[in-house]
There are 2 protein chains.
Amino acid sequence: MRPTVHDIAASAGVSLATVDRVLNARPGVRAVTRAKVEAAIERLGYVRDVAAANLAKGRIYPLVFIIPQGENPFMRGLEAEVRQVDRVTFDRTSISVVNVPPFDAMALAAAIDTAVEDGAAGIAAVAVDAPEVVEAIDRALEQGVAFVTLVSDLASSKRDHFCGVDNVAAGRTAGSLMARFLGDREGPVAVLAGSMLVRDHSERLSGFRAVMADAGRGRHVLDVLEGQDDPVRARALVSRYLAKFPGLAGIYSLGAGNAGLVAALEAAGRPGLCVIAHELTPPTRAGLESGIVDAVLHQDAGHEVRSAIRVLRAKADGVKPVAAQERIRIDIFIRENLPPPDPETGTARAGEG
Amino acid sequence: MRPTVHDIAASAGVSLATVDRVLNARPGVRAVTRAKVEAAIERLGYVRDVAAANLAKGRIYPLVFIIPQGENPFMRGLEAEVRQVDRVTFDRTSISVVNVPPFDAMALAAAIDTAVEDGAAGIAAVAVDAPEVVEAIDRALEQGVAFVTLVSDLASSKRDHFCGVDNVAAGRTAGSLMARFLGDREGPVAVLAGSMLVRDHSERLSGFRAVMADAGRGRHVLDVLEGQDDPVRARALVSRYLAKFPGLAGIYSLGAGNAGLVAALEAAGRPGLCVIAHELTPPTRAGLESGIVDAVLHQDAGHEVRSAIRVLRAKADGVKPVAAQERIRIDIFIRENLPPPDPETGTARAGEG
DNA sequence: CATTTTTTGATTTACGTACATCAAAAAAGC
DNA sequence: GCTTTTTTGATGTACGTAAATCAAAAAATG
């Protein structure tokens with residue numbers, strides 16, 4: 001049986017109250033007595049029962065997730081993951097979701113301020129790269145509210161942590177796969193992005209470009225198509241490029257709007273291009289299954305959400321999280337290792353946990 | 001604030017005792033009263049505070065993990081993950097590890113019987129495919145002990161669950177990557193396995209063969225090399241094949257002993273083969289980094305361990321686990337998306353849950 | 001040595017649930 | 001209506017920790 005506070009009190013020859021004072025860093029304990037207690041803790045291998053401690057404290061952590069509105073399937077999956085975690089009821093944590101217009105710095109900054117006013121203990125937000133947002137984040141931190149960026153970072157703010165993938169590495173991974181899949185095949189490659197004003201997209205592009213310039217004898221990367229993560233625009237842009245560059249060898253889609261990409265390729269009679277996209281969502285999953293998409297790079301929204309919660313709670317408790325354990329992996333999916341879709345959230349899931 | 005049992009008692013107009021009887025399915029409650037309580041539970045959205053419940057029950061779950069001995073790096077990483085979970089102290093769970101000689105059915109069966117005698121609430125074991133083991137598992141289940149197979153399944157037993165990847169799909173994934181990486185390149189491919197007597201290895205082979213026979217115009221798969229997961233043997237076997245088949249296009253290593261594979265390739269002057277291996281361990285990581293290995297298929301040992309714990313605890317509680325959430329993903333790693341090694345366990349880790 | 005200050009002990013209540021006991025009330029059977 | 005059975009209420013203890021109070025003991029100060 002695990003030792004309890006009573007056991008260490010008895011073993012150290014002190015009272016329960018003294019043990020409590022040591023454990024919770026309360027004043028009024030002589031150094032020698034403190035040492036005795038700490039020795040007993042060490043000797044018996046005592047570890048605090050966090051469940052019982054939280055129960056006794058009656059502490060709850062109000063956390064706020066700020067997520068863009070709109071039909072971006074990845075964001076919708078992210079929100080579903082948040083709500084699912086909330087339903088499972090992470091112990092002693094109450095989570096609320098706030099939606100804001102995408103790419104809207106003012107709205108995001110306002111939402112952050114509101115969350116702080118409402119007494120949030122921690123905030124997680126998909127960052128937009130703008131000075132108003134940086135200021136809002138730094139205001140939150142000054143109020144003692146923990147803050148993490150989610151999916152897209154804002155390194156110029158003082159945010160406590162970034163819960164997302166290394167997007168430069170993701171771009172390199174895409175480039176490497178593209179180069180290997182194409183092999184000796186000739187022809188330029190196209191890049192479809194949402195907007196170069198978003199940090200994660202620009203980072204992916206730079207990683208991709210670096211590998212493409214490097215791999216073998218170099219391969220031409222055409223001017224970036226910016227589809228604003230909108231399927232209709234994406235479809236039009238891709239269709240135009242397919243007509244304009246008959247020798248096109250591959251397409252790297254590093255943002256959303258992939259339903260449009262797939263539609264354009266279908267309409268063009270499935271030209272044998274190497275297609276690599278991001279995020280395993282219904283459109284990209286369908287593309288992989290039909291063979292029109294070769295590989296999908298993915299970040300696990302569930303992992304990101306749970307990592308954010310752990311970090312925020314740790315910060316709210318004044319504990320340092322183990323940063324090394326909070327790194328988010330870049331998943332590669334091809335047709336053969338597709339996980340079954342999660343009926344709850346529509347996102348890809350692993351055993352996790 | 002979350003509603004408590006007191007709230008539903010008040011809301012339903014009954015006593016605390018009656019609510020308790022309903023919640024814990026104790027007898028002596030009229031159907032109408034039960035309905036009133038259940039309505040209140042629904043209305044207030046009550047969810048049991050599991051932490052408090054477990055505290056009150058004073059229940060602990062003694063779980064036993066049976067893992068092969070030896071220098072197989074994946075198994076050592078698996079064991080490290082188990083010990084790490086134990087240190088983090090999964091709430092109200094005490095975990096012990098038992099080592100048995102690898103591929104030894106009698107020893108495994110004996111270890112299972114011992115664990116049952118010692119009063120384990122659940123057992124997780126890396127299965128060896130043998131009738132003695134099937135019988136031991138079924139004996140454990142008859143005693144009411146929960147049982148899951150880990151990494152390698154034994155479907156002919158009545159085990160509650162298998163915590164591992166779909167190895168046929170893993171083989172198909174390897175085959176698909178191999179075919180795409182090779183492209184038009186000619187030549188047969190070799191397969192290095194541990195032993196065809198182990199279920200996971202034979203399943204991977206069948207998936208790989210299926211894709212190879214299928215992809216494009218078919219590619220010859222040479223006779224399987226069985227290296228018994230031993231680096232020395234593996235090195236010798238691979239070296240011999242490299243000499244014997246100068247036109248070799250690729251090698252699929254579906255077992256362990258990859259240190260030997262890498263050494264053989266280095267010794268042969270790094271012939272430009274497509275090499276795909278399993279499990280991200282120190283040797284395969286080094287191979288990826290040096291460029292001698294093209295891709296590594298991986299199963300996350302941490303996920304498997306935590307999944308096993310969740311399933312075992314659920315079974316011990318008489319609750320059905322959500323099987324869909326317990327699927328283990330087949331990870332693909334190439335040089336560009338290599339995660340940093342976990343200093344604690346030496347295995348790959350993601351943010352996880 | 002008396003006094004003040006600091007340290008320690010003893011005890012209590014609380015968190016939300018489980019579980020047991022005994023009495024009281026309601027329903028069923030005759 | 002009376003007894004018997006079933007259902008419900010009231011109450012207490014427990015789990016392991018947090019946090020508070022007040023008294024007692026020890027140490028420091030003069």
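Proteins get letters first, then strands, A, B, ... in listed order; numbering begins at 1 in each. Reckoned from all heavy atoms, side chains included, excluding hydrogens, waters and symmetry mates.
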Quiz item: So which nucleotide from dG16(C), dA10(C), dG16(D) ends up closest to the side chain of Arg21(A)?
Solution: dA10(C)

Quiz item: Under 4.5 Å between any side-chain heavy atoms of His6(A) and Val19(A), yes or no?
Solution: no

Quiz prompt | For the student: nearest non-hydrogen atoms of Pro68(B) and Asn99(B), plus distance | solution = O-ND2, 3.8 Å

Quiz item: Does dT6(D) have OP1 or OP2 sitting under 4.0 Å from an N or O in the side chain of Arg30(B)?
Solution: no

Exercise. Take the protein atom CG of Leu16(A) and the nucleotide atom P of dT17(D), then report the distance between them rounded to whole Å.
Key: 9 Å

Quiz item: Taking C-beta and beyond as the side chain, do Leu312(B) and Phe147(B) meet within less than 4.5 Å on heavy atoms?
Solution: no

Quiz item: Can the ring centroids of His303(A) and His303(B) be said to lie less than 6.0 angstrom from one another?
Solution: yes

Exercise. Counting heavy atoms from C-beta on, name the nucleotide in dA18(C), dT21(C), dT17(C) closest to the side chain of Thr4(B).
Key: dT17(C)

Quiz prompt | Ala56(B) side chain, from C-beta outward: closest of dG16(D), dA18(D), dC15(D) | solution = dC15(D)

Exercise. Provide, to the nearest angstrom, the distance between the CG atom belonging to Asp7(B) and the P atom belonging to dG16(C).
Key: 9 Å

Self-check item: side-chain N/O Arg48(B) vs dG16(C) OP1/OP2, d < 4.0 Å
Solution: no

Quiz item: Is there a side-chain contact between Leu23(A) and Tyr46(A), using heavy atoms and a 4.5 Å cut-off?
Solution: yes

Exercise. Look at all strands and tell whether Asp20(B) reaches a base, only sugar-phosphate, or nothing, counting heavy atoms closer than 4.0 Å.
Key: base

Practice problem: Look at the side-chain N and O atoms of Thr18(B) and state whether any lies under 4.0 Å from the OP1 or OP2 oxygen of dG9(D). | Solution: yes

Practice problem: Please state how far atom NZ in Lys57(B) lies from atom P in dG16(D), giving the value in whole angstrom units. | Solution: 15 Å

Practice problem: Return the value, rounded to whole Å, for the distance between atom CG of Asn54(A) and atom P of dG16(C). | Solution: 12 Å

Practice problem: Quick one: label Ala17(B) by what it contacts on the DNA or RNA (base, sugar-phosphate, nothing), any heavy atom closer than 4.0 Å. | Solution: base

Practice problem: Classify the nucleic acid contact of Gly28(B) as base, sugar-phosphate or nothing, counting any heavy atom under 4.0 Å across all strands shown. | Solution: base

Practice problem: Round to a whole Å and report the spacing from CG of Asp49(B) to C1' of dA18(C). | Solution: 12 Å

Exercise. Return the value, rounded to whole Å, for the distance between atom CG of Asn24(B) and atom P of dA20(C).
Key: 10 Å

Quiz item: Arg26(A) side chain N/O closer than 4.0 Å to the phosphate oxygens (OP1, OP2) of dA19(D)?
Solution: yes

